[in-house]
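Worksheet: the structure to be examined is printed underneath.
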Amino acid sequence: MDDLEFRRTIYADPNCDSKALRDAAANDPAKQQFWEEMKQLDKELLQTARVPLPDGLAQRLMLKQSMQAHKQQQRRRRWHLSIAASVIVLFSVSLTLWQKQDVDLSQHALAHVYHDANALQVDENVPLEQINAKLASFGGQFTDDIGKVYYANFCDFNRVKSLHMVIEGEHGKVTVFVIPHKDNQTLEARFNDRQYQGRGMALQQANLILVGEDQQSLQKVQDKLQGRMLFSA
């Protein structure tokens, strides 16, 4: 389950207990934290909604409404419009700030490798023609053979349509991502965690990210791909 689907599901039902959600949260501490925060928010909203009304409040309100019906309608209308306008402004500002947050491609690449671990298990022996057909949507192509490709498919890389490949390295498989440029992206030239090493580089129209267990393999794959990847003007 990708990040966008995970968040949509949680927004729709914070207390959803599907296996897909549990698996996604178990493999990503950030998802687990987000889920817990949404559960807590939902719980607080429910508790607020259950606060009992003071005795006689309904009768007093009905009496007041009957005596000042027109005046109350005007006030209520202005209040509703004010609240609606405030919500719209708050949502617009929040959405703008959220969209402008920098996306760390390096850390997202590591998370993507763990999340889509099945890609490292398949052997589809993808031909170069099929890979270039996918790269064409980004304006790119490989001008020469890049070796054995176990897997190649489009993926949602933090809400950006990208190409996810697994190719043969000198000492094991190497995961390769080709991500079109966006304004809010950041990318480290080298990164790692306890299991994987990573390299990132900006090309003409996209970022190229490599993730694998052996740094030497990454260097050789990087040199090969950079020398054979061409983008149209």
Side-chain angles (χ1 to χ4, degrees), residues 2-4 27-28 99-233:
D2 60 36
D3 184 64
L4 181 59
N27 294 324
D28 188 339
Q99 291 177 332
K100 289 184 177 181
Q101 288 181 342
D102 288 342
V103 177
D104 188 341
L105 298 181
S106 308
Q107 294 305 310
H108 192 80
L110 290 171
H112 200 115
V113 170
Y114 286 113
H115 176 71
D116 199 4
N118 288 337
L120 291 167
Q121 307 302 321
V122 301
D123 184 359
E124 299 176 351
N125 198 25
V126 186
L128 183 63
E129 294 78 12
Q130 184 175 332
I131 298 169
N132 278 339
K134 297 180 184 298
L135 273 177
S137 62
F138 307 144
Q141 64 171 331
F142 286 115
T143 59
D144 200 355
D145 183 62
I146 60 172
K148 182 176 178 61
V149 179
Y150 297 93
Y151 173 87
N153 210 341
F154 290 120
C155 68
D156 182 344
F157 200 94
N158 199 59
R159 295 172 293 280
V160 177
K161 181 182 178 181
S162 307
L163 181 61
H164 179 179
M165 298 186 294
V166 177
I167 69 177
E168 187 174 35
E170 186 175 28
H171 302 292
K173 295 180 179 180
V174 175
T175 299
V176 179
F177 297 105
V178 182
I179 308 106
H181 288 311
K182 296 292 181 181
D183 292 337
N184 62 335
Q185 295 172 337
T186 62
L187 179 61
E188 299 177 32
R190 293 194 179 194
F191 55 93
N192 66 276
D193 65 4
R194 294 181 179 179
Q195 182 173 353
Y196 291 111
Q197 305 287 326
R199 286 179 176 243
M201 62 229 68
L203 303 180
Q204 184 178 357
Q205 296 182 27
N207 291 301
L208 182 66
I209 301 180
L210 287 74
V211 178
E213 296 184 353
D214 182 76
Q215 192 66 244
Q216 185 178 3
S217 289
L218 295 184
Q219 180 63 60
K220 292 186 177 181
V221 171
Q222 176 183 341
D223 294 341
K224 178 168 59 177
L225 296 186
Q226 280 187 288
R228 300 177 186 181
M229 183 174 284
L230 178 67
F231 288 92
S232 58

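Counting only distance, with no hydrogens or angles, the side chain of Gln226 and the backbone of Leu203 share no donor-acceptor pair below 3.5 Å. In this structure, Lys173 contributes its side chain and Leu120 its backbone to a donor-acceptor pair below 3.5 Å. Gln130 places no side-chain N or O within donor-acceptor distance of the main-chain N or O of Pro127, the cut-off being under 3.5 Å.
Interatomic distance, CG of Asp104 versus CG of Asn158, reported as 10.0 Å (0.5 Å rounding).
Take Asn125 and apply the side-chain contact (heavy atoms from CB on, under 4.5 Å) test, not counting sequence neighbours, and it matches Asp123, Lys148. Residues that satisfy the side-chain contact (heavy atoms from CB on, under 4.5 Å) test with His115, not counting sequence neighbours, are Met1. The side chain to side chain donor-acceptor pair (under 3.5 Å) search around Ser217 returns Asp214, not counting sequence neighbours. In terms of the ring pair (Phe, Tyr, Trp, His ring centres under 6.0 Å) criterion, residue partners of Tyr151 (sequence neighbours excluded) are, by chain and number, His164. Among residues two or more places apart in sequence or in another chain, the side chain to side chain donor-acceptor pair (under 3.5 Å) test is passed with Asp223 by Gln219. Partners of Ser137 under the side-chain contact (heavy atoms from CB on, under 4.5 Å) rule, at least two apart in sequence or in another chain, are Phe154. For Glu170, the side chain to side chain donor-acceptor pair (under 3.5 Å) partners at least two apart in sequence or on another chain are Lys220. By the side-chain contact (heavy atoms from CB on, under 4.5 Å) test, Ala202 is found to be paired with His181, Asn207, residues two or more places apart in sequence or in another chain being considered. Taking the side chain to side chain donor-acceptor pair (under 3.5 Å) definition, one finds that Gln195 meets it with Glu213, sequence neighbours left out.
Counting only residues at least two apart or in different chains, ring-ring contact (aromatic ring centres under 6.0 Å, His included) contacts with residues 183-219 comprise Tyr114-Tyr196. Sorted pairs that involve residues 184-199 and meet salt bridge (Lys or Arg N to Asp or Glu O under 4.0 Å), not counting sequence neighbours, are lacking altogether.
Shown are Val178, Thr143, Asp144; of these, the side-chain contact (heavy atoms from CB on, under 4.5 Å) with Met229 is made only by Val178.
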